[in-house]
Amino acid sequence: MVIDKSGQWWRGEDLTDLAEFVRAFRANGYKVDRVLESVCAQCDGRAFRVEADDDEGAARRTCTGCGTASFIADSAEYWDDADHGECACPCGGMEFAVAVGYALRDNGDIRWISVGLRCIADGTLGVYADWKIDYSPALDLPA
Ligand SMILES: [Zn+2]
Ligand SMILES: [Zn+2]
């Protein structure tokens with residue numbers, strides 16, 4: 001437990017802190033059952049620039065190491081309708097570690113997605129987008 005709550009923003013040092021923040025955030029009030037870190041499929045990178053639309057509920061991450069872009073969860077289906085902007089930390093940083101929180105229904109289907117970001121520059125934690133999953137089956141959506 002090394003989250004610094006003393007300032008205006010929560011700050012963390014690693015994935016454990018970010019996961020803890022995503023669980024504590026409880027997007028839409030739902031208990032977060034699972035948190036997965038986003039990892040670049042091409043180069044194993046864990047730092048990303050992130051575009052998101054919190055109204056539509058969609059997010060895409062682009063690896064800062066190799067430039068590979070990847071949609072989070074089911075965002076590809078909603079991307080064309082989304083009004084996405086690039087996520088920026090209050091400090092101005094635009095490079096993040098990403099952890100996706102999954103709230104599940106009783107039957108194991110995913111009910112709610114939340115996208116947690118940890119600023120690489122100063123460690124500030126935030127949930128930048130969250131959205132509902134309202135179809136079934138929804139068992140496996142990528143982080
Ligand atoms: Zn990469
Ligand atoms: Zn920052």
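Atoms within each ligand, like the ligands themselves, are counted from 1 in listed order. What you see is a predicted model, and the numbers here were worked out from it, not measured in a lab.
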*To 10°, measure the SG(Cys119)-the Zn ion (ligand 2)-SG(Cys91) angle for me.*
110°

*Closest Asp122 atom to the Zn ion (ligand 2) [N, O or S only]*: OD1

_Just so I know, are the side chains of Trp131 and Ser75 near enough to count as touching, which here means a heavy-atom distance under 4.5 Å?_
yes

*Any chance you could lay out the salt bridge (Lys or Arg N to Asp or Glu O under 4.0 Å) test for Asp109 and Arg111, step after step, and finish with the verdict?*
CA-CA 6 Å; Asp109 274 341; Arg111 177 205 292 268; over 6 Å; no

*Hey, does Arg34 have a side-chain heavy atom less than 4.5 Å from the side chain of Ile110?*
yes

_Residue that, paired with Trp79, satisfies side chain to side chain donor-acceptor pair (under 3.5 Å) out of Glu56, His84, Glu51_ = His84

_Opening angle at the Zn ion (ligand 1) [SG, Cys63; SG, Cys40; to 10 degrees]_ = 110°

